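All values reported here derive from a predicted model rather than from experimental measurement.
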Amino acid sequence: FDGRSGALDASLTDAFAHGWADLDGNGRPELIVSPVSPELSWGPGLRGYELGCADGCLEQRWALPHGFAPAATLASYERDNLPTARLLRTSVTGAGGSQDALLGYREGALHLLRAEAGALQSVATHPLAEGESVLELGAGFALLSDGRELQLVEVGADSLSPAGPRIPI
């Protein structure tokens, strides 16, 4: 929506918006969405759209159709059966400076997702214990929990590494 007039700028059907991040590093943030079926069930993958043309169209910049899921799909559902939108967006520093990145889930592992050579790719993985997910995300770390233990994981430009032993809770 236009902030001044309230007019609709752009729209996507059959998608749930998780948030914004400039993952391709072009200075224009992408709207990050997951597909949703007409029955309001989740589809696999993530997609990134930018406002493109002068009349406000959304152009798809990248897609991860291979079963990646953001944290919202693993989080508990609110009272009205709507998922809590929680995009695991972080900033990592590498040789090219600071860059936005995402954490996503796939096949029992946590993945660090960054734009590489014009495509969003998994550049690091960390295996997850049964029922484990990201509890908190901060500058350079992710705190994981399965309800029984905590695990601190360092988030680097190309790495996800345990930062110590698992701690019983």
Side-chain angles (χ1 to χ4, degrees), residues 14-25 29-37 39-49 60-78 81-169:
D14 301 328
F16 180 84
H18 297 286
W20 296 89
D22 181 19
L23 297 173
D24 63 8
E30 297 92 52
L31 174 63
I32 300 168
V33 303
S34 285
V36 177
S37 74
E39 299 83 31
L40 298 179
S41 62
W42 293 101
L46 296 172
R47 296 177 301 203
Y49 292 86
Q60 185 171 313
R61 301 298 294 174
W62 51 262
L64 283 172
H66 307 294
F68 279 95
T73 62
L74 297 182
S76 62
Y77 281 68
E78 296 286 330
N81 296 322
L82 297 174
T84 303
R86 182 161 181 240
L87 188 66
L88 295 176
R89 183 174 69 94
T90 189
S91 182
V92 295
T93 304
S98 183
Q99 178 183 8
D100 283 346
L102 290 180
L103 296 181
Y105 300 106
R106 181 176 179 209
E107 298 173 354
L110 184 66
H111 291 253
L112 177 62
L113 306 170
R114 285 197 356 217
E116 295 283 327
L120 202 62
Q121 300 176 10
S122 174
V123 297
T125 61
H126 175 78
L128 294 172
E130 179 77 25
E132 190 173 45
S133 63
V134 175
L135 182 63
E136 191 64 44
L137 182 62
F141 75 89
L143 182 62
L144 309 180
S145 176
D146 63 0
R148 298 177 308 275
E149 296 179 318
L150 297 174
Q151 171 73 60
L152 190 64
V153 173
E154 289 183 34
V155 179
D158 295 306
S159 64
L160 293 171
S161 307
R166 292 184 177 274
I167 302 168
I169 52 175

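- Here the closest heavy-atom approach between residue Leu112 and residue Ala157 is recorded as CD2-O, 3.6 Å.
- Scanning for side chain to side chain donor-acceptor pair (under 3.5 Å) contacts around Ser161 gives an empty result, with sequence neighbours left out.
- When the side chain to side chain contact (heavy atoms under 4.5 Å, CB included) test is applied to Thr90, the partners found at least two apart in sequence or on another chain are Val92, Ala101, Leu137, Val155.
- Here CH2 of Trp62 is found 9.0 Å from CG of Asp24. Values are rounded to the nearest 0.5 Å.
- In terms of the side chain to side chain donor-acceptor pair (under 3.5 Å) criterion, residue partners of Ser98 (sequence neighbours excluded) are, by chain and number, Ser91.
- The minimum heavy-atom distance linking Asp158 with Ala124 is given by the pair O-CB, 3.6 Å.
- In this structure Gln99 satisfies the side chain to side chain donor-acceptor pair (under 3.5 Å) test together with Arg114, sequence neighbours excluded.
- In this structure, Leu128 CG and Glu107 CD are separated by 12.0 Å, a value rounded to the nearest 0.5 Å.
- With sequence neighbours left out, the side chain to side chain contact (heavy atoms under 4.5 Å, CB included) criterion links Arg148 to Asp146.
- Taking the side chain to side chain donor-acceptor pair (under 3.5 Å) definition, one finds that Gln60 meets it with Tyr49, sequence neighbours left out.
- Looking only at side-chain heavy atoms (C-beta outward), Pro162 and His126 come within less than 4.5 Å of each other.
- Side-chain contact between Leu110 and Tyr105 is present, with heavy atoms from C-beta onward closer than 4.5 Å.
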- Verdict with supporting geometry, Val153 and Phe141, side-chain contact (heavy atoms from CB on, under 4.5 Å): CA-CA 6 Å; Val153 173; Phe141 75 89; over 6 Å; no

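- Checked against salt bridge (charged side-chain N to carboxylate O under 4.0 Å, His left out), Asp22 has no partners two or more places apart in sequence or in another chain.
- The stretch residues 119-128 participates, sequence neighbours left out, in no salt bridge (charged side-chain N to carboxylate O under 4.0 Å, His left out) pair at all.
- Rounding to the nearest 0.5 angstrom, the gap separating the CZ atom in Arg47 from the CG atom in Leu31 is 10.0 Å.
- When every heavy atom of Glu132 is checked against every heavy atom of Leu144, the shortest pair comes out as OE2-CB, 3.5 Å.
- Distance OG/Ser145 to CG/Leu152: 12.5 Å, rounded to 0.5 Å.
- The shortest distance between side-chain heavy atoms of Leu103 and Leu113 does not fall below 4.5 Å.
- Remark: the backbone N or O of Gly164 is paired with a side-chain donor or acceptor of Gln151 at under 3.5 angstrom.
- Minimum interatomic distance between Glu30 and Leu23 (heavy atoms only, all atoms of both residues): OE1-N, 2.8 Å.
- Legend: residues meeting salt bridge (charged side-chain N to carboxylate O under 4.0 Å, His left out) with Arg89, ordered by chain and number and at least two apart, are Asp100.
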